[in-house]
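Residue numbers begin at 1 in each chain, while the letters A, B, ... track the order of the sequences. Every value quoted in this text rests on a predicted model; they were computed, and no experiment measured them.
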2 protein chains.
Amino acid sequence: MPERKRDVSLHDVARLAGVGIGTASRVISGRGSVSEATRRKVEEAVSALNYRPNSLARAMRSDQSHIIAFMQPDLLNEFYDVSADVIHRACVAAGYQMVITSSLTAEEEWESFRWLADYRIDGIIHVPLSPTLPLPVTMPIVQLNRVSAHRPINAVLADERGGFDELTTYLLQQGHRDVLVIIGEEHHSSTQFRLQGVRDAVARYQDVRLRVSAGEFTREWGYQAMNVAVEELPHAVIASSPRIASGVIQALNEMELRVPEDISVVSFDDPDWFSFWGPGMTTLVPPLHDMSARAVDWLTRLIDGEEIASDIVHLPCTLRIRGSVGNR
Amino acid sequence: MPERKRDVSLHDVARLAGVGIGTASRVISGRGSVSEATRRKVEEAVSALNYRPNSLARAMRSDQSHIIAFMQPDLLNEFYDVSADVIHRACVAAGYQMVITSSLTAEEEWESFRWLADYRIDGIIHVPLSPTLPLPVTMPIVQLNRVSAHRPINAVLADERGGFDELTTYLLQQGHRDVLVIIGEEHHSSTQFRLQGVRDAVARYQDVRLRVSAGEFTREWGYQAMNVAVEELPHAVIASSPRIASGVIQALNEMELRVPEDISVVSFDDPDWFSFWGPGMTTLVPPLHDMSARAVDWLTRLIDGEEIASDIVHLPCTLRIRGSVGNR
DNA sequence: TTGTATGCGTTATCAC
DNA sequence: GTGATAACGCATACAA
């Protein structure tokens, strides 16, 4: 075992400055009062020794890590990139460091909670993977984009139900009466909301044929679902995620079906390529910026000890109309 | 100030189990030997009290955090998503937790190093933002995808020079003699490599016109550069990143120029949409998986104290041919 | 094998 | 204002 190289500690600083360790601590942490003369002496010692406080010791003593974790299920999903970016900026602005963690499975998700707690992380912004996972009560948590079954809970969501209602209504207004909606895992809270929104809209019209294909939020599933639906070509298809949309497009390409002449397509979220793919993708855009900013604000208040009632907040989506929907 | 709620500590476990604190520690950390009987007693106490070791105290004592940080410059850039994912999986497999951090500016990058060091993170996989930033010597670092000027250094890079040579050669073989290459920030090490590769290829042919537009790795820049180049339409354009490519495509769309009939386009990296955009994007694909896996392997060895000579490793890219290049 | 005591680097409490 | 001193929770050397 390699001998531990002792750090430069407060002890060393105090000794070089010729003061007590308590005084040195007061200068560095900024709490308590010290005379201007000693303050300068200590500060000189600090820079002479290149001293840096040990955050582990600090966090242990003060029970504050000044770290917020963004816990997300899938690093490969660009959907969360903008959330991560916004959260990061907001955290920095609020004086926190931000780290991202990921969990591929429910077990890993649980494991993540454990180790974040073990490191006394100040709080977590959490995109739940498993809807039924019990949540640790020892630290502040705000859920983002999806909400688990656990109650009480704090969560910031997009109003997907309202949004999908609007999106579907738009389709119906353009005269489409045979619509296929392709969704992902049914146990996700958001899947339920989206489907409900579609149904809300359909219920207001007569003679609408609605087909629902539930599977995964993957390109493969979009491709597959589109392929089986093609026998009776729907007027319009609602791809409930960009990945699903890409599968749909791939299928349509192969069958040489044209958008929007032969079939209309709409989606959810707004990756770059939606704007320059073919006719442009008409899509429902969740307010990722607002959601993320709000989550951080909420979480930092919680950390500061504010008494806030648990709540689930829904923020409105925006319908972005481009060229992928035709008229009938 | 809220009174601190004391954690369940080793002390409590030892007391309940009726053993010394040292013994309890030995059971939990797994080091040293204990009799089967006491081991069970301690383990019972652990689960009875729901005890969890405090990682801060542990890390402080043992100088090991079991955490690896992936430090990247831009959370919005999907390029790093797959690296993050691979690194994450590799870290978990190697018994580490992985966190992602980001720094928007050189100052923040420096700041990140500081606080990661202050928390005694075990090691860092680092995508440098500022090429000239001095690196901390107190912890193991392996750079990924880009390399800073600091020496000695450990870095895993794509062989972008060789790759762009191959990519350009392909273009030339198809008969293109007027090529425009659009690149990003010139001070990035990778920009230099890519440009060099293009020049290597061009040097082997006669009568090639080569235009270079250096700007940013953004969609806007791709759009802009394409717009100015259009006055003398090049045979082929090399967009050195997907974002630049998307700008190029946007410009081409607006001018109603067709790929590959009117102009050929190639790029670097391989986001999903490259495969289903128009004719499909012919592109040079860096070995992100191998690079990331290699970086983790390297870093964990470093952490384990293996004496490895500093080195810069270049891994070969793959040319993925689709439909965006025509014949002349 | 087991228990005690010491130290890791802080912050907080308390006399002075 | 200042300087000892006691925690924080754990690991380890050492004595038993």
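- The phosphate of D:dG9 (OP1 or OP2) has no side-chain N or O of B:R58 nearer than 4.0 angstrom.
- We find the OG1-CG distance between B:T101 and B:L75 to be 8.5 Å, quoted to the nearest 0.5 Å.
- Straight-line distance from the CZ atom of B:R61 to the P atom of D:dA7: 19 Å, rounded to whole Å.
- Minimum heavy-atom separation, B:W298 to B:A309: CZ2-O, 4.3 Å.
- We find that CG of B:D63 is positioned 13 Å from P of D:dA11, with the value rounded to whole Å.
- Near DNA chain C, meaning a heavy atom under 4.0 Å away, the residues from residues 47-54 of chain A are A:Y51, A:R52, A:P53, A:N54.
- Within a heavy-atom distance below 4.0 Å of DNA chain C, the residues of residues 11-28 of chain A found are A:I21, A:G22, A:S25.
- Atom CD in A:Q64 sits about 17 Å away from atom C1' in C:dG9, given to the nearest Å.
- Residue-environment remark: NE2 (B:H289) stays at or below the threshold of 12 foreign heavy atoms within 6.0 Å.
- Between B:V13 and B:A45 the shortest heavy-atom distance is O-CB, 3.7 Å.
- For B:Q143 and B:S148, the side-chain atoms include at least one donor-acceptor pair closer than 3.5 Å.
- When ring centroids are compared, A:F113 and A:H126 come within the 6.0 Å threshold.
- Between A:D12 and A:R15 there is a salt bridge, with a side-chain nitrogen of the basic residue lying less than 4.0 Å from a carboxylate oxygen of the acidic one.
- The C1' atoms of five pairs define one axis at each end of the helix from C:dT1-D:dA16 to C:dC16-D:dG1, and these two axes lie 50° apart (to 10°).
- In this structure, the separation between CG on A:L302 and OG on A:S310 is 7.5 Å, given to the nearest 0.5 Å.
- A parallel orientation is assigned to the rings of A:F217 and A:H188, their planes being inclined by less than 30° (bins at 30° and 60°).
- A salt bridge does not link B:D297 to B:R294: none of the charged side-chain nitrogens sits closer than 4.0 Å to a carboxylate oxygen.
- Applying a 4.0 Å cut-off to non-hydrogen atoms, the residues of residues 32-44 of chain A that approach DNA chain D are A:S33, A:V34, A:S35, A:T38, listed by residue number.
- Between the side chain of B:T191 and the backbone N or O of B:E185, at least one donor-acceptor pair lies under 3.5 Å.
- Distance check: A:I125 CD1 to A:S292 OG gives 7.5 Å after rounding to the nearest 0.5 Å.
- When distances run from any side-chain atom of A:R31 to the nucleotides C:dG9, C:dA12, C:dT10, the shortest one goes to C:dA12.
- Residues satisfying the side chain to side chain contact (heavy atoms under 4.5 Å, CB included) criterion with B:Q192, sequence neighbours excluded, are B:E186.
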Report task. Check the pair A:E44, A:R40 against salt bridge (Lys or Arg N to Asp or Glu O under 4.0 Å), reporting the backbone distance first and the verdict last. Result -> CA-CA 6 Å; A:E44 275 169 16; A:R40 196 163 27 245; 5.0 Å; no

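- If you check residues 112-121 of chain A against DNA chain C, you find no residue with a heavy atom closer than 4.0 Å.
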